[in-house]
Number of protein chains: 2
Amino acid sequence: MVEFQTPHLDAVFHALSDPTRRAMLHRLSNGEHTVSELATPFNMSLAGASKHIRVLESAGLVRRNVRGRTHICELQAARLAEAQEWLRHYERFWTTRLDDLEKLLRDEDRTSAGAIGPTPTKPAKP
Amino acid sequence: MVEFQTPHLDAVFHALSDPTRRAMLHRLSNGEHTVSELATPFNMSLAGASKHIRVLESAGLVRRNVRGRTHICELQAARLAEAQEWLRHYERFWTTRLDDLEKLLRDEDRTSAGAIGPTPTKPAKP
């Protein structure tokens, strides 16, 4: 079953279920940041930010590198690929919907093109 | 910011963070099921299954249709599309890695092709 191939998904989806943590990942997608840089836009204490970062670390989404007294956070995107792979199974549901919508619009176009087409010429009077 | 366009993501990712709920979605991807059908493979009480289904419903991932005394559950995949859309922003990280890997393998192929190529011909003795 699909589930057994994705042992990290509980932690990954849990980490993604919080808007602060998603915003932190978004910032890290633009490059490394220190813990205090990540805390700043949320007007958050270092302890509060650290708690969120620990959740991201334990889900394998962030690596914390210690350089002297500074903790630098780096995005680890591989586990996000696993999450996307899981979601890919459901893709057919929305692509089917889009295909249906496209067909519907095409049919409508064809119908309305018929309606505004040249009016049939009257047979010439004898 | 990306976050403001995805107000449902907290609930969706929270719903996906549990393996039982992911397995329920997987079963629903093959068609509608009653609550008791969804409960059976997990050896779970109806109350326990209902609790999970309520989480899926409140995330907009499942619709429960009541037909007489039977509750039929149906997958609602649109919110999964939102989750996938959110993840798409990070795609470049793993596709870049794959591109790097492909380049590395191609370079290695080229090097080893050179190594096993025809040995240089010795200059004819005078």
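Since the structure is predicted, the reported quantities are computational estimates derived from the model, not experimental observations. Every chain is numbered from 1 and lettered A, B, ... according to where its sequence line falls, protein lines coming before strand lines.
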Atom CG of residue position N43(B) - does it have more than 12 heavy atoms of other residues, nucleotides or ligands inside 6.0 Å?
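Open: at most 12 neighbouring heavy atoms sit under 6.0 Å from CG of N43(B).
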
Would you find more than 12 non-hydrogen atoms of other residues, nucleotides or ligands less than 6.0 Å from N65(B) atom CG?
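Count over threshold, so yes.
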
Quick one: does Y90(A)'s side chain have a donor or acceptor within less than 3.5 Å of a partner on H26(B)'s backbone?
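Flag set: sc Y90(A) to bb H26(B) pair under 3.5 Å.
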
Taking all heavy atoms of F13(B) and all of L16(A), pick out the closest pair and write down the distance.
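Closest pair (atom of F13(B), atom of L16(A), distance): CD1-O, 3.2 Å.
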
Top contributor to chain A interface from S17(B), A83(B), A15(B), A77(B) [non-hydrogen pairs under 4.5 Å]:
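The candidate making the most pairs under 4.5 Å is S17(B).
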
Considering only heavy atoms from C-beta outward, does the side chain of L87(A) approach that of W86(B) to under 4.5 Å?
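No. Closest side-chain heavy atoms not under 4.5 Å.
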
For the residue pair D10(B) and R22(A), establish whether any side-chain heavy-atom pair is separated by less than 4.5 Å.
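D10(B) reaches R22(A) side chain to side chain.
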
Roughly how far, to the nearest 0.5 Å, is the CZ atom of R88(A) from the CG atom of L80(B)?
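These two atoms lie 13.5 Å from each other.
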
Common cluster, [X]/[Y], ILVMFWY with side-chain heavy-atom separation under 4.5 Å:
X	Y	value
I72(A)	F93(B)	no
L9(A)	V55(A)	no
L25(B)	F42(B)	yes

Side chain, backbone, both or neither: which part of L75(A) has an atom under 4.5 Å from a heavy atom of chain B?
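Side chain only.
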
Step-by-step side chain to side chain donor-acceptor pair (under 3.5 Å) determination, E91(B) to Q84(A)
CA-CA 9 Å; E91(B) 224 167 33; Q84(A) 208 194 32; 3.0 Å; yes

